[in-house]
Amino acid sequence: MVRRGLEREVTGREILSAAVTGARTVRRQPAEALVARLRGARLGAAGRIGKFLLLPLDDGTEMLVIHLRMSGQLLLTPPSWPVGPHTHAVLSLSDGRELRFVDPRTFGELFVAPASPGGPGASPGRPAALAHLGPDPLSRQWSAAALRRALAGRTARLKPLLMDQRFVAGIGNIYSDEALFAARLRFDRPAGSLSGEEVGRLHRAVRATLREAVRLRGSSLSDGQYVDLFGEPGGYQSRHRVYGREGQPCPRCGGPVRRLSLGGRSTFFCETCQP
DNA sequence: CAGATGCCCTGGGCGC
DNA sequence: TGCGCCCAGGGCATCT
């Protein structure tokens, strides 16, 4: 969603100037170093690894890495638009527009990292800072067979494992609950206890859930934090079957959707349909 | 190692 | 209306 917008809108643009005003927005390097590196750089086609956005700079040996975390937004605006509150970074582009990083909770960050040259164990292009991230669940390498091998013998519960970015990259609280509902699996099943048939259901459910969410441009909750480059909300929230629906009828059996706290995060599920 | 907890922050919603 | 709580698409450090 955001990556697609970036690829469509900013590929090939030059950064005429960059400004960072947020004190916490650039924390892996001096903000001045990032600003200096971005000035004059030409942007390549946007990539994504898990929840990290990657914007290649110039020849691609370095990239601007962006993580929006909980409340970050990237907005593409005319420079004349009023700069909203919590705007922590602004890139002025050669097409006359501005790419603005807005983040009320300041959990998000930007940094510039060298792309790894590739080689054994490292996919080319992936910055070393992101080496810990697991496979993308929509990639070919994340097959049902690979998932079965990865789950075998694990005692961890399904939901925390799905949300572990080292295990598989890109699944957060909403989509783990939705995928587990679609797979008819309880969030606290020990990962290694799944039958082959159940692994197949989980694999299909994760991929179908993420594909549909991307197709509908993501989930915007009532706080309106997630929006696309032009400030438009996503449409997947209306398709949530359990997330944020405590007490409402389960779309499969009609029983009440349950909510509990797991590791400090809300978990939504149906006791009947997710045994 | 798995798991729980706390923390980084601001803002919106709700109950009183 | 105002205040205090609880909650929020994430990730990391630190404990047990």
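Letters go in sequence order (proteins before strands), and every chain restarts at 1.
Between the CD atom in A:Gln248 and the CD atom in A:Glu246 there is a gap of 9.5 Å [rounded to 0.5 Å]. The CG atom of A:Leu185 sits 7.5 Å away from atom CD of A:Gln274, with the distance rounded to the nearest 0.5 Å.
Atom CZ of A:Arg217 has 12 or fewer heavy atoms from other residues, nucleotides or ligands within 6.0 Å. The 12-atom threshold is exceeded at CZ of A:Arg28, counting heavy atoms of other residues, nucleotides or ligands nearer than 6.0 Å.
Counting any heavy atom pair closer than 4.0 Å across all strands shown, A:Asp223 reaches a base atom. A:Ile174 comes within 4.0 angstrom of the backbone, heavy atoms only, and of no base. Contact annotation for A:Gly264: no contact, since no heavy-atom pair falls under 4.0 Å across all strands. Using a 4.0 Å heavy-atom distance criterion, A:Gln165 is classed as a sugar-phosphate-only contact. Within 4.0 Å (heavy atoms only), A:Ser222 reaches no atom of the nucleic acid at all. Here A:Arg265 lies in heavy-atom contact (under 4.0 Å) with a base.
Of the two residues contacting DNA chain B, namely A:Ala156 and A:Phe107, the nearest-nucleotide position lying further toward the 5' end is that of A:Ala156. Positionally, the nearest nucleotide of DNA chain B for A:Thr155 lies more toward the 5' end than for the other of A:Thr155 and A:His86.
A syn orientation is assigned to C:dG9, its glycosidic angle lying within 90° of 0.
Shown are A:Tyr226, A:Tyr243, A:Tyr175; of these, the side-chain hydrogen bond (donor to acceptor under 3.5 Å, both in side chains) with A:Ser219 is made only by A:Tyr175.
Cation-pi contact between A:Arg241 and A:Phe181: absent, since separation from the ring centre below 6.0 Å together with deviation from the ring axis within 45° is not met.
Counting only Watson-Crick and G-U wobble pairs whose two key distances fall under 3.5 Å, DNA chain B forms stems of three or more stacked pairs at B:2-8 with C:10-16, B:10-16 with C:2-8.
Here, C:dG9 and B:dG3 have their C1' atoms 22 Å apart, quoted to the whole Å. Of the P atoms belonging to B:dC9 and C:dA13, the separation is 16 Å, rounded to the nearest Å.
Considering only heavy atoms from C-beta on, A:Leu133 comes within 4.5 Å of A:Arg126 through its side chain.
Contacts between chain A and DNA chain C, taken as any atom within less than 4.0 angstrom of a protein heavy atom, begin and end at C:dC7 to C:dG11. When DNA chain B is scanned in the 5' to 3' direction for atoms under 4.0 Å from non-hydrogen atoms of chain A, the outermost contacting nucleotides are B:dA2 to B:dG11.
In this model, no donor atom of one side chain and acceptor atom of the other lie less than 3.5 Å apart for A:Arg100 and A:Thr87.
Minimum interatomic distance between A:Val242 and A:Val257 (heavy atoms only, all atoms of both residues): O-CG1, 3.7 Å.
Ion pairing between A:Asp136 and A:Arg48 holds under the 4.0 Å rule for side-chain N and carboxylate O. With respect to the salt-bridge test (charged N to carboxylate O, under 4.0 angstrom), the residues A:Arg4 and A:Glu7 do not qualify.
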